[in-house]
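Working notes for the structure below.
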Amino acid sequence: MPDSPLGRGFLTGTAIRAEEYPENDYRRHDPRFQGDNFRINSAAADVVRDVARGCGATPAQVSLAWLLHRGDDIVPIPGTKRRPTLEENLAAAELTLVPDELRRLDTPLPPSVVAGSRYPESVMHMNGR
């Protein structure tokens, strides 16, 4: 069950550098939004945006559809506060990605290529890591 499958907004096409978020936004302290990590992770998001443009979907829908194409035992759980976002996310289940699109996404999206730790060092001890 992928938690935060849209990379805390990274894969929606709306991510900005950590220092541009308000002080009370958790992404301001997220290592994946800082420095070189942001640049590296943005490259993956760029591929998602390109595929989304090509198939007439949003980057979030493409990201979720990619996960759903990984197998029937994958259940992504994106968080949302707004009904339109929920409806957009649900529409990803109807999106069929062709083999070429899946291949383009396979390289930049696996967790092994994400730059930066999942949480800031100050909270890692609370996660048992």
Can you give me every donor-acceptor pair (side chain of residues 52-64, partner residue at least two apart or in another chain, under 3.5 Å) with its distance?
residue	atom	partner	partner atom	Å
R53	NH2	D50	OD1	2.3
T58	OG1	Q61	N	3.1
T58	OG1	Q61	OE1	3.3
T58	OG1	E88	OE2	2.7
Q61	OE1	T58	N	2.9
Q61	NE2	E88	O	3.1
S63	OG	L11	O	3.4
S63	OG	P59	O	3.0

Original post:
Is there a donor-acceptor pair closer than 3.5 Å between any side-chain N or O of Y21 and the backbone N or O of Y26?
Top reply: no
By salt bridge (Lys or Arg N to Asp or Glu O under 4.0 Å) - contacts of [X] (at least two apart):
X   : answer
R82 : none
E87 : R83
E94 : none

Original post:
Checking side chain to side chain donor-acceptor pair (under 3.5 Å) against R28, which of E19, E20, E23 comes through?
Top reply: E23
**OP:** Any chance you could lay out the side-chain contact (heavy atoms from CB on, under 4.5 Å) test for N89 and L6, step after step, and finish with the verdict?
**Re:** CA-CA 10 Å; N89 291 344; L6 298 176; 4.1 Å; yes
Subject >> Salt-bridge contact D25-R27 (side-chain N to carboxylate O under 4.0 Å) >> reply: yes
Subject >> Shortest non-hydrogen separation from A65 to A92 and the atoms involved >> reply: CB-O, 3.7 Å
Subject >> Shortest non-hydrogen contact from P76 toward L68 >> reply: CD-CD2, 3.6 Å
Original post:
Is the F33-F10 ring centre distance short of 6.0 angstrom?
Top reply: yes
**OP:** State yes or no: do V47 and L67 share one hydrophobic cluster built from I, L, V, M, F, W and Y residues joined by side-chain heavy-atom distances below 4.5 Å, directly or via other members?
**Re:** yes
For residues 100-109, which side-chain N or O atoms pair as donor and acceptor with protein atoms under 3.5 Å away, sequence neighbours left out?
residue	atom	partner	partner atom	Å
E101	OE1	V98	N	2.9
D106	OD1	W66	NE1	2.8
D106	OD1	R70	NH1	2.9

Original post:
Could you give all pairs that pass the side-chain hydrogen bond (donor to acceptor under 3.5 Å, both in side chains) test and reach residues 36-45, with sequence neighbours left out?
Top reply: none
